Asks: 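After the structure tokens below, expect a handful of questions from me.
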Amino acid sequence: MSLERAVRAKIAGKRNPEMDKEAQEWIEAIIAEKFPAGQSYEDVLKDGQVLCKLINVLSPNAVPKVNSSGGQFKFMENINNFQKALKEYGVPDIDVFQTVDLYEKKDIANVTNTIFALGRATYKHADFKGPFLGPKPADECKRDFTDEQLKAGQTIVGLQAGSNKGATQAGQNLGAGRKILLGK
């Protein structure tokens, strides 16, 4: 099997049809439109128009100009504008897919993960009432320790500091001992 085919098979193996379906249903609920019948999930998203519509519903006028014609460069511009709007909305840069992942269908699983990251980011916007996608991100878990508790913690030597609580390797024999022969 060629390397390219092996890489494609590995990327295709990451794809989860249930997640794609869940992301599609969430997008349809947000934009209040169904995907065209007979078209695949990635084909509908490919030109970036649906994605721009999605981010414009979540954050009005985030992408002011959505290209509906003009060829591949205009459609790739839609995707780039969507990605820029995602980052402004609060999606971490590491969660945003590359343009070729969608336009050339190189990694649709990554595109779906980005949509889930957008779904998680909606939890942080109080004005958004739902529906939500994915688990709610954890809030801050602030802890207050007394001075006594902090001082008690300083006296404990962690195992990373080199202590192993008296355990040694004495008596361990793994295989035969090393024999050094001199004079041969």
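Since we're looking at a predicted model, the values are computed, not measured.
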Asks: Just so I know, are the side chains of Val57 and Phe128 near enough to count as touching, which here means a heavy-atom distance under 4.5 Å?
Replies: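 Answer no - side chains too far apart.
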Asks: Check whether Asn56 reaches the backbone of Val63 with its side chain - one donor and one acceptor, N or O, closer than 3.5 Å.
Replies: yes
Asks: Does Lys105 have more than 12 heavy atoms from other residues, nucleotides or ligands lying within 6.0 Å of its NZ?
Replies: yes
Asks: Given side chains that start at C-beta, do those of Asn81 and Val66 come closer than 4.5 Å, heavy atoms only?
Replies: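 Heavy-atom side-chain distance check fails, nothing below 4.5 Å.
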Asks: Side chains of Lys53 and Glu33: closer than 4.5 Å at any heavy-atom pair?
Replies: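 SC-SC contact between Lys53 and Glu33 confirmed.
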Asks: Tell me the closest heavy-atom pair linking Gly134 and Tyr123, and the distance in Å.
Replies: O-OH, 2.9 Å
Asks: Enter the distance from Leu54:CG to Ile31:CD1 here, rounded to the nearest 0.5 Å.
Replies: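 Going from the CG atom of Leu54 to the CD1 atom of Ile31 covers 7.0 Å.
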Asks: Show the nearest heavy-atom pair for residues Lys74 and Asn67, with the distance to one decimal.
Replies: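 Heavy-atom minimum between the residues: O-ND2, 3.2 Å.
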Asks: Roughly how far, to the nearest 0.5 Å, is CD of Glu22 from CD1 of Ile27?
Replies: 11.5 Å
Asks: For Glu148, I'd like to know if atom CD has over 12 heavy atoms of other residues, nucleotides or ligands within 6.0 Å.
Replies: no
Asks: Do Met19 and Phe116 come close enough that some side-chain heavy atom pair is under 4.5 Å?
Replies: yes
Asks: Which value, rounded to the nearest 0.5 Å, describes the distance between Leu58 atom CG and Tyr89 atom OH?
Replies: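 Separation between the atoms: 4.5 Å.
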Asks: Take Glu28 and Lys34 through the salt bridge (Lys or Arg N to Asp or Glu O under 4.0 Å) test and state the conclusion after the steps.
Replies: CA-CA 5 Å; Glu28 290 172 342; Lys34 292 281 185 195; 3.8 Å; yes
Asks: Around atom CD of Gln98, are there more than 12 heavy atoms from other residues, nucleotides or ligands closer than 6.0 Å?
Replies: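 Check fails, neighbour count at 12 or below.
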Asks: Flag the pair Leu51 / Asn78 as yes when at least one side-chain heavy-atom distance between them is below 4.5 Å, and no otherwise.
Replies: no
Asks: Any heavy-atom pair between the side chains of Tyr41 and Lys21 that's under 4.5 Å?
Replies: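 Side chain of Lys21 against side chain of Tyr41, heavy atoms only: no contact under 4.5 Å found.
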Asks: Enter the distance from Phe97:CZ to Tyr103:OH here, rounded to the nearest 0.5 Å.
Replies: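 Reported to 0.5 Å precision, the distance equals 13.0 Å.
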Asks: Considering only residues two or more places apart or on different chains, which pairs with a residue in residues 80-99 satisfy salt bridge (charged side-chain N to carboxylate O under 4.0 Å, His left out)?
Replies: Lys87-Asp93, Asp95-Arg120
Asks: Can you find a pair of side-chain heavy atoms, one from Leu118 and one from Leu133, that are under 4.5 Å apart?
Replies: no
Asks: Can you see which heavy atom on Ile79 is nearest to which on Gly48, and at what distance?
Replies: CG1-CA, 4.0 Å
Asks: Would you say the side-chain atoms of Ser59 pair up with the backbone N or O of Ala62, donor to acceptor, closer than 3.5 Å?
Replies: no
Asks: Whether the side chain of Trp26 engages the backbone of Gly119 through a donor-acceptor N/O pair (distance < 3.5 Å, no angle test) should be reported.
Replies: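 Flag not set: sc Trp26 to bb Gly119 has no pair under 3.5 Å.
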Asks: Mind checking the NZ-CE spacing from Lys46 to Met76? Nearest 0.5 Å is all I need.
Replies: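 Reported value, rounded in 0.5 Å steps: 10.0 Å.
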Asks: Compute whether any side-chain donor of one residue and acceptor of the other, for Gln83 and Thr99, lie under 3.5 angstrom apart.
Replies: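 Result is yes, a qualifying pair exists.
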Asks: What's the spacing between Asp101 CG and Thr114 OG1 if we round to 0.5 Å?
Replies: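 Going from the CG atom of Asp101 to the OG1 atom of Thr114 covers 8.0 Å.
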Asks: Donor-acceptor check, side chain of Gln149 to backbone of Thr146, threshold 3.5 angstrom: yes or no?
Replies: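 Yes; at least one donor-acceptor contact below 3.5 Å.
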Asks: Any non-hydrogen side-chain atom of Thr112 less than 4.5 Å from a side-chain atom of Asn16?
Replies: no
Asks: Given the rule that I, L, V, M, F, W and Y join up when any side-chain heavy atoms are under 4.5 Å apart, are Val100 and Phe82 in one cluster?
Replies: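 Not linked; separate clusters.
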